[in-house]
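Read through the structure below, which is laid out as structure tokens, and then see the notes.
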Amino acid sequence: NPELPQNPILDLEMTYDEGESAKYGFPHFSEYESKIDIPITDDFKSDVFFAGRAKDRLPALLDAYHTLSDAGLKVYYFLTGVPKEQQIELPGVEYAQRNMSYREMLYHTVNTRCVLEITQAAQKGYTSRFLEAVMYGKKIISNSPYLKQSKFYSPDKVQIVNNMYDIDVDFIKEGNGFVDYNYNGEFSPFRVLDRIDEELVKKFGLPI
């Protein structure tokens, strides 16, 4: 718990969220994820894909859905945590009790034209959706202005919106569904090991 003093039995505590890093004085590291081989289909399963817990994001997700579907785009949502009374039957929206498997989620990520992410307001860090978009060469629509700090940010690959009704649907329609971020393993778990070594050297003065 970051509200408690640092645990004396640990040599190092770190966080991937820059806001928490500044607030609690923990060293920061970038999110990491390993890239695995995922089959690519001959045609896209969707134009825009979202998977995750709806939480308080359901209104924004529905706003995005209507913006995209009204433009003739095929949307696929896999939503968990939506109470029965809030489940609105819409084409391409699946409500589930359990999370989609990680491999299946990546399959839909690779075989969509664009990934949608909606983050919580206070979050200051990269989500797994952003990492996956970069690794697998997919466009992404996000409400996180933090992404502009990334070396991978480019307005032709990453569209940042505050209001889901402001989504530029042409951004999704343009191109062949794949973009090149010039990714070179920057999110590899090995990079995190390097950061841990770096922080331990700072703390104890000796290379690990």
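Everything numeric here is computed off the predicted structure, so don't read it as measured data. The first residue in the sequence is number 1, and the count goes up from there. Computed from heavy atoms alone, side chains included, the values below leave out hydrogens, waters and symmetry copies.
Formation of a donor-acceptor pair under 3.5 Å by the Asp47 side chain with backbone atoms of Cys114 is not found in this model. A donor-acceptor pair under 3.5 Å is formed between the side chain of Asn111 and the backbone N or O of Pro39. Put simply, the side chain of Lys74 gets close to the backbone of Lys45: a donor and an acceptor are under 3.5 Å apart. Side-chain atoms of Arg129 do not come within 3.5 Å of backbone N or O of Glu117 as any donor-acceptor pair.
Relative orientation of the His108 and Tyr76 rings is tilted, given thresholds of 30° and 60° on the angle between their planes. The aromatic rings of Phe178 and Phe44 sit tilted relative to each other, their planes meeting at an angle between 30° and 60°. Ring planes of Tyr183 and Phe152: tilted class, angle from 30 to 60°.
Taking every heavy atom of both residues into account, Asn163 and Tyr165 meet most closely at OD1-N, 2.8 Å. Minimum heavy-atom separation, Phe50 to Ile118: CE1-N, 4.3 Å.
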- [ ] Begin with the C-alpha distance, continue with both residues' side-chain angles, and end with the deciding distance and a verdict on side chain to side chain contact (heavy atoms under 4.5 Å, CB included) for Phe171 and Val158.
- [x] CA-CA 9 Å; Phe171 167 85; Val158 181; 5.7 Å; no
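Phe49 is listed as a side-chain neighbour of Met105, based on a closest heavy-atom distance under 4.5 Å.
Here the OH-OH distance, from Tyr126 to Tyr146, works out to 5.0 Å after rounding to the nearest 0.5 Å. Note that the CG atom of Asp170 and the CD atom of Gln159 stand 9.5 Å from one another [nearest 0.5 Å]. Here the straight-line distance linking atom CZ of Phe78 with atom CZ of Arg98 works out to 11.0 Å at 0.5 Å rounding.
By the 6.0 Å contact criterion, NZ on Lys173 is enclosed, its count of non-hydrogen atoms from other residues, nucleotides or ligands being greater than 12.
A chain of hydrophobic side-chain contacts below 4.5 Å, direct or via other Ile, Leu, Val, Met, Phe, Trp or Tyr residues, connects Val134 to Tyr107.
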